[in-house]
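Please read the structure below before turning to the comments.
So that the names make sense, note that chain A is the first sequence line, chain B the second, and so on, each numbered from 1.
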Number of protein chains: 2
Amino acid sequence: MARAGVTAERLTLAAAELADEIGMENVTVAALARRFGVKDASLYFHIRNAQDLRVRVALLALAELADRVAAALAGRAGKDALVAFANAYRDYATRHPGRYAAMQIDLDPETAAASAGVRHAEMTRAILRGYRLSEPDQTDAVRMMHSTFHGFVSLEKTGGFRHTPRTTDASWSRALDALDAVLSNWPPAESTDAETAR
Amino acid sequence: MARAGVTAERLTLAAAELADEIGMENVTVAALARRFGVKDASLYFHIRNAQDLRVRVALLALAELADRVAAALAGRAGKDALVAFANAYRDYATRHPGRYAAMQIDLDPETAAASAGVRHAEMTRAILRGYRLSEPDQTDAVRMMHSTFHGFVSLEKTGGFRHTPRTTDASWSRALDALDAVLSNWPPAESTDAETAR
DNA sequence: TGGTTTGCCTAGGAGAGCTAGGCTACTACC
DNA sequence: GGTAGTAGCCTAGCTCTCCTAGGCAAACCA
């Protein structure tokens with residue numbers, strides 16, 4: 001009766017690998033136990049429940065992504081930094097579809113606040129220093145950047161771009177050009193507010 | 001033994017409502033059967049399996065969204081049309097989170113080609129006529145628009161914007177301004193290609 | 001060396017997906 | 001207007017997943 005040496009960390013990593021291979025929706029406690037040559041009930045000694053496992057995978061993915069983005073960003077500024085960030089992001093999502101899917105689950109606020117998602121947000125703001133935006137434009141720009149990255153990667157994965165011959169790589173590159181252009185020349189607030197009216 | 005009057009259409013609609021109420025991941029054949037006062041096995045007379053049900057909900061949602069977008073777009077052009085499209089999209093996603101989630105499932109190519117997603121794509125291209133873009137810029141712009149919309153709505157729903165005080169409505173409005181600006185002044189292709197080099 | 005903790009086990013219940021096969025009510029046709 | 005077919009439901013029962021309770025043995029620690 002040799003022990004399998006299961007720990008929460010090893011379970012999380014194996015679950016992440018499993019997610020990349022067969023999709024996050026097919027990652028089950030039973031399947032994970034099989035991979036460790038152990039009964040499913042045994043895993044509940046290490047994880048609270050199936051949802052807990054998913055959250056752990058999400059946190060792992062967020063941390064990994066933050067590391068990659070940080071590495072890509074080192075020594076760059078301006079558009080260079082923007083492109084490096086974006087490519088690191090898309091590359092991670094493409095290489096690790098299961099992990100990326102796990103990142104999309106709803107974390108409760110305190111878990112999210114303690115996650116690497118915060119580092120992610122900080123790095124995005126750092127990029128914008130090269131574009132000289134002040135609040136609240138900066139927040140709006142951060143949100144638009146994230147939306148563009150996540151939306152593109154997400155649609156690309158679910159096949160939303162399949163019906164047009166144009167390669168997604170080319171469109172991605174042009175989207176980054178467009179993003180750089182609009183960040184460099186962020187439009188002033190509309191005339192709905194009194195101070196900018198007329 | 002009065003018949004419950006179950007049809008595939010009524011099942012799909014009920015599944016969509018259920019999805020909006022309790023989330024798409026909790027929509028189960030058993031729960032749906034309960035809502036109709038019928039045994040779960042009986043539903044397999046109308047639908048092939050659980051996945052078939054999800055696809056039907058996705059197609060329903062795509063058609064509904066296309067209708068709403070078409071209505072919002074009537075008689076508008078330029079930025080007006082862009083904003084109307086975007087708001088109809090976001091409004092639908094907010095009002096029908098379950099249906100919107102269903103739309104994200106991977107449809108096989110032929111099903112997707114026969115879906116209302118095609119109408120959706122056509123309408124997006126129609127908007128861009130106001131911005132006078134020619135191919136392949138048009139395709140790139142369509143993809144960027146969709147990415148921004150989907151990404152924003154998706155991050156908003158999973159709480160990606162929660163940690164900053166700025167309202168999402170304001171950021172959304174400014175993202176549309178930015179999109180209008182960049183579509184009006186679409187940046188030329190980079191100098192990676194020979195013809196534009198130097 | 002003996003006690004405690006740790007890591008696995010078996011057993012089992014609840015709920016989900018799905019198949020096979022049966023019974024009944026409505027429809028259609030001669 | 002009887003009868004054949006079919007549409008719409010049923011029960012029974014299989015497999016799989018998630019999870020709890022309780023047991024036993026290996027590892028560790030005083």
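- A straight line from NE2 of B:H46 to C1' of D:dC9 spans 8 Å, rounded to a whole angstrom.
- Among the atoms of the strands shown, base atoms are found under 4.0 Å from some heavy atom of A:S42.
- Using a cutoff of 4.0 Å between basic side-chain nitrogens and carboxylate oxygens, B:R119 and B:D67 are scored as salt-bridged.
- For the pair B:D80 and B:R76, the salt-bridge criterion is met [side-chain N within less than 4.0 Å of a carboxylate O].
- In this structure, the CG atom of A:L43 is 13 Å from the P atom of C:dT10, given to the nearest Å.
- Counting non-hydrogen atoms under 4.0 angstrom, A:N49 reaches the backbone sugars and phosphates but no base.
- We find that CG of B:D52 is positioned 16 Å from C1' of C:dT19, with the value rounded to whole Å.
- Dashed line: the shortest gap from a side-chain N or O of B:R34 to OP1 or OP2 of C:dA16 is under 4.0 Å.
- Under a hydrophobic clustering in which Ile, Leu, Val, Met, Phe, Trp and Tyr are joined whenever their side-chain heavy atoms come within less than 4.5 Å, directly or via other members, B:V29 and B:M24 fall into the same cluster.
- Here B:A41 lies in heavy-atom contact (under 4.0 Å) with a base.
- For the pair B:F45 CZ and D:dG8 P, the computed distance is 5 Å after rounding to whole Å.
- With rounding to whole Å, B:F36 atom CZ is found 14 Å from D:dG8 atom C1'.
- When rounded to the nearest whole Å, the span between CG of A:D40 and P of C:dC8 equals 13 Å.
- A:I47 has its CD1 atom 13 Å from the C1' atom of D:dT17, to the nearest Å.
- Phosphate contact (OP1/OP2 of C:dG17, side-chain N/O of B:T28, threshold under 4.0 Å): present.
- The interatomic distance linking B:K39 (NZ) with C:dA16 (P) rounds to 12 Å, in whole Å.
- Using a cut-off of 4.0 Å between Lys/Arg side-chain N and Asp/Glu carboxylate O, B:E25 and B:R54 are scored as not salt-bridged.
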